[in-house]
Participant: 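Have a look at the structure that comes next, please.
For reference, positions follow the sequence shown, starting with 1. In this text the structure is predicted, and so the values were computed from the model without any measurement.
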Amino acid sequence: MFYHHLKGHIEALLFAYGNPITTDKFSEILEVDRENVTMLLEELKQDMVNSDRGLTISEVADGYQLCSKPELAPIIERLVDVHESRLSLAAMETLAIVAFKQPVTRLEMENIRGVKVDGVVNTLTDRGLIREVGRKDAIGRPILYGTTEEFLKCFGLKNLEDLPNLSEFIDSERP
């Protein structure tokens, strides 16, 4: 393949940038069409799967990112004292509402949860998981919230279409 020598370039870009890179961005930087970039990424992904390397390429947030293999998490945790910053149940419930109903206002979140969400919304915004995406065309023009690229990265989603189908979790026999 003519572009075979660019696999190293792609790997270096993924390593240096750290965040997801879209095929369009690769195409622009490498001056190669998207189809060949996609083919090179897939080859590089296979190379990593077929070897004993500790890295893999994941598709997240509509791009590609270099990540450590999940099965190596225990060894990586020994290197750094990882303190997971977990979300409370209230934060996870609110985040789920935003993810599945976006764009959504605070009042709509409160109506679904049955409690105030001010503190939780502030926490989710501070952590970069949700953001203001506009204003609703209603009295008072309330703020609309949606998820962020950070949300996609945290949950390992390529895009919002990768969210599970809610109908799989809803009990059809409930009144």
Participant: Might you confirm whether atom NZ of Lys7 has over 12 heavy atoms from other residues, nucleotides or ligands at distances under 6.0 Å?
Facilitator: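 Above 12, so yes.
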
Participant: Group every Ile, Leu, Val, Met, Phe, Trp and Tyr by side-chain heavy-atom contacts under 4.5 Å, then state whether Leu89 and Met109 land in the same group.
Facilitator: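 In one cluster: no.
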
Participant: Do Ser27 and Arg34 have side-chain atoms, one donor and one acceptor, less than 3.5 Å apart?
Facilitator: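 Absent: no donor and acceptor within the cut-off.
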
Participant: Under a 4.5 Å cut-off applied to non-hydrogen side-chain atoms, are Leu152 and Asp162 in contact?
Facilitator: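 No, their side chains stay 4.5 Å or more apart.
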
Participant: Using 0.5 Å steps for rounding, measure from the NZ atom of Lys136 to the OH atom of Tyr145.
Facilitator: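 The NZ atom of Lys136 sits 13.5 Å away from the OH atom of Tyr145.
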
Participant: Taking the side chain as every heavy atom from C-beta outward, state whether Leu129 and Cys154 have any atom pair closer than 4.5 Å.
Facilitator: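 With C-beta onward as the side chain, the pair touches.
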
Participant: Is it the case that over 12 heavy atoms from other parts of the model lie below 6.0 angstrom from the CD atom of Glu31?
Facilitator: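 No - once you tally the heavy atoms of other residues, nucleotides and ligands closer than 6.0 Å, there are 12 at most.
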
Participant: Do Asn19 and Lys153 come within less than 4.5 Å of each other through their side chains, counting heavy atoms only?
Facilitator: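 Side-chain contact under 4.5 Å: yes.
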
Participant: Does a sphere of radius 6.0 Å around NZ in Lys101 hold more than 12 heavy atoms from other residues, nucleotides or ligands, not counting ones at 6.0 Å or beyond?
Facilitator: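 Count not over threshold, so no.
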
Participant: Is there a path from Val133 to Leu163 through hydrophobic residues (I, L, V, M, F, W, Y) whose side chains come within less than 4.5 Å of each other?
Facilitator: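 Different clusters: Val133 never reaches Leu163 through Ile, Leu, Val, Met, Phe, Trp or Tyr contacts under 4.5 Å.
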
Participant: Would you check if Val98 and Phe151 make a side-chain contact, meaning some heavy-atom pair closer than 4.5 Å?
Facilitator: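 Of all side-chain heavy-atom pairs linking Phe151 with Val98, none is under 4.5 Å.
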
Participant: Is a salt bridge present between Lys158 and Asp62, judged by a nitrogen-to-oxygen distance below 4.0 Å?
Facilitator: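 No, Lys158 and Asp62 are not salt-bridged.
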
Participant: Please say yes or no: joined through hydrophobic side-chain contacts below 4.5 Å, possibly via intermediate residues, are Phe100 and Leu157 part of one cluster?
Facilitator: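 Yes, one cluster joins them.
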
Participant: Quick check: do Ile57 and Leu44 have side-chain heavy atoms less than 4.5 Å from each other?
Facilitator: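 Yes, side chains in contact.
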
Participant: Looking at side-chain heavy atoms only, is the closest gap between Arg113 and Thr94 below 4.5 Å?
Facilitator: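 Yes; the side chains approach each other to less than 4.5 Å.
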
Participant: Do Leu14 and Ile29 sit in the same hydrophobic cluster, where Ile, Leu, Val, Met, Phe, Trp and Tyr count as joined when their side-chain heavy atoms come under 4.5 Å apart?
Facilitator: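 Yes, because Leu14 and Ile29 connect within a single hydrophobic cluster, where side-chain heavy atoms sit under 4.5 Å apart.
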
Participant: Measure the shortest side-chain to side-chain distance between Leu160 and Thr147 over non-hydrogen atoms and say whether it is less than 4.5 angstrom.
Facilitator: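 Yes; the side chains approach each other to less than 4.5 Å.
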
Participant: Give, for atom NZ of Lys45 and atom CG of Leu40, the distance between the pair rounded to the nearest 0.5 Å.
Facilitator: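 So the gap between those two atoms works out to 13.0 Å.
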
